[in-house]
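To keep things clear, I will list the structure first and then write my remarks on it.
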2 protein chains.
Amino acid sequence: MTDSHPRLPVEVESADCRAISDILSRVGDKWTVLVVEILGTGPSRFNELRRQVGGISQKMLTTTLRQLERDGMVRRTVTATIPPRVDYELTDLGRDLLVPVHALGDWARANMAKIESARLRFDEEAES
Amino acid sequence: MTDSHPRLPVEVESADCRAISDILSRVGDKWTVLVVEILGTGPSRFNELRRQVGGISQKMLTTTLRQLERDGMVRRTVTATIPPRVDYELTDLGRDLLVPVHALGDWARANMAKIESARLRFDEEAES
DNA sequence: CCGTATCCCTCCGGATACTG
DNA sequence: CAGTATCCGGAGGGATACGG
């Protein structure tokens with residue numbers, strides 16, 4: 001492959017390392033990306049979101065949204081009517097996150113066949 | 001922002017969804033990216049790698065490397081000498097993965113200040 | 001040197017029930 | 001409707017000891 005492979009800054013400050021792996025762990029989270037993807041199509045209310053995600057528990061949706069709100073990715077708007085109404089929407093930062101996440105998603109889709117066959121080969125050779 | 005919402009990109013094939021979130025979860029894994037980053041600088045032996053990563057247990061290094069090998073990201077080469085020697089190196093696929101991962105890492109570095117201040121604001125308002 | 005096998009404890013996350 | 005509170009099973013992952 002290209003000789004100009006990016007030289008890796010293994011010596012980045014550990015503070016950066018923590019912060020970066022922190023973001024990465026959110027992307028790897030079971031629900032976060034799914035929620036952000038859906039909010040990427042437009043604002044949504046709590047139970048609406050719950051239905052759109054499908055399979056998420058109330059607890060985890062709350063937790064996920066709180067984290068995203070805390071990180072400034074999601075804006076929470078409360079309308080104090082009866083019954084109460086709460087809207088969630090992505091902030092600019094949240095929408096921004098979708099760019100690199102989609103890049104990763106595209107890579108995954110483009111290479112899932114290779115990965116799948118690699119796994120088959122590996123598991124096959126593990127017959128013992 | 002968007003037009004109306006009857007369009008649901010959420011309905012992509014669930015097979016794709018599983019596979020993609022599977023890759024994402026590996027990226028979010030505590031050790032995987034770190035190991036891949038280091039292997040991105042060149043091949044390495046087991047304990048050498050262990051020292052370079054720092055803080056990883058023998059068990060988790062083995063587990064991480066096995067997963068990566070199974071997925072076709074890492075090639076494992078055994079030299080049956082005494083003492084035995086095992087080298088690990090990235091495959092083309094593994095090096096390829098680094099591209100979108102670095103994009104995400106760059107985004108994280110570029111935005112960690114915003115996130116950090118968002119958190120401060122959030123936690124501050126949580127004083128009650 | 002390069003692992004595998006156990007033990008064990010923490011935390012994630014689902015189910016359920018209750019409030020404003 | 002939009003949460004909070006509680007219980008609890010199971011996976012993740014560290015420490016340690018042993019095998020090739």
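Protein chains get the first letters and strands the later ones, always in sequence-line order, with residue 1 at the start of each.
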Distance (rounded to the nearest 0.5 Å) between [X] [atom1] and [Y] [atom2]:
X     : Y     : atom1 : atom2 : result
A:S21 : B:K30 : OG    : NZ    : 9.0 Å
A:L90 : A:D96 : CG    : CG    : 10.5 Å
A:L68 : A:W31 : CG    : CH2   : 14.0 Å
A:L97 : A:D92 : CG    : CG    : 12.5 Å

Using atom [atom1] of [X] as one end and atom [atom2] of [N] as the other, report the distance to the nearest whole Å.
X     : N      : atom1 : atom2 : value
A:D87 : D:dC1  : CG    : C1'   : 12 Å
A:N47 : D:dC1  : CG    : C1'   : 6 Å
A:R50 : D:dA2  : CZ    : C1'   : 11 Å
A:K30 : D:dA11 : NZ    : C1'   : 11 Å
A:L49 : D:dA2  : CG    : C1'   : 12 Å
A:M60 : D:dG3  : CE    : P     : 15 Å

Measuring to OP1 and OP2 of D:dG3, would you say a side-chain N or O of A:Y88 lies under 4.0 angstrom away?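 Checking D:dG3 against A:Y88, a side-chain N or O does come within under 4.0 Å of OP1 or OP2.
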Donor-acceptor pair, side chain of [X] and main chain of [Y], under 3.5 angstrom:
X      : Y      : result
B:T32  : B:D29  : no
A:R75  : A:Y88  : no
B:N111 : B:K114 : no
B:T79  : B:T81  : no

From the candidates D:dA15, D:dA2, D:dG3, the one with an atom nearest any side-chain atom of B:K59 is D:dA15
Want to settle it: does A:I56 or A:P84 sit nearer the 5' end of DNA chain C, counting the closest nucleotide to each? A:I56
Using a 4.5 Å cut-off on heavy atoms from C-beta on, say whether the side chain of A:V36 contacts that of A:L98. yes
With a 4.0 angstrom cut-off to heavy atoms of chain A, pull out the first and last contacting nucleotide of DNA chain C, in 5'-to-3' order. C:dG13 to C:dG20
Using a cut-off of strictly less than 4.0 Å between a heavy atom of the residue and any atom of DNA chain D, enumerate the qualifying residues of residues 61-75 of chain B by number.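 Hits under 4.0 Å, by residue number: none.
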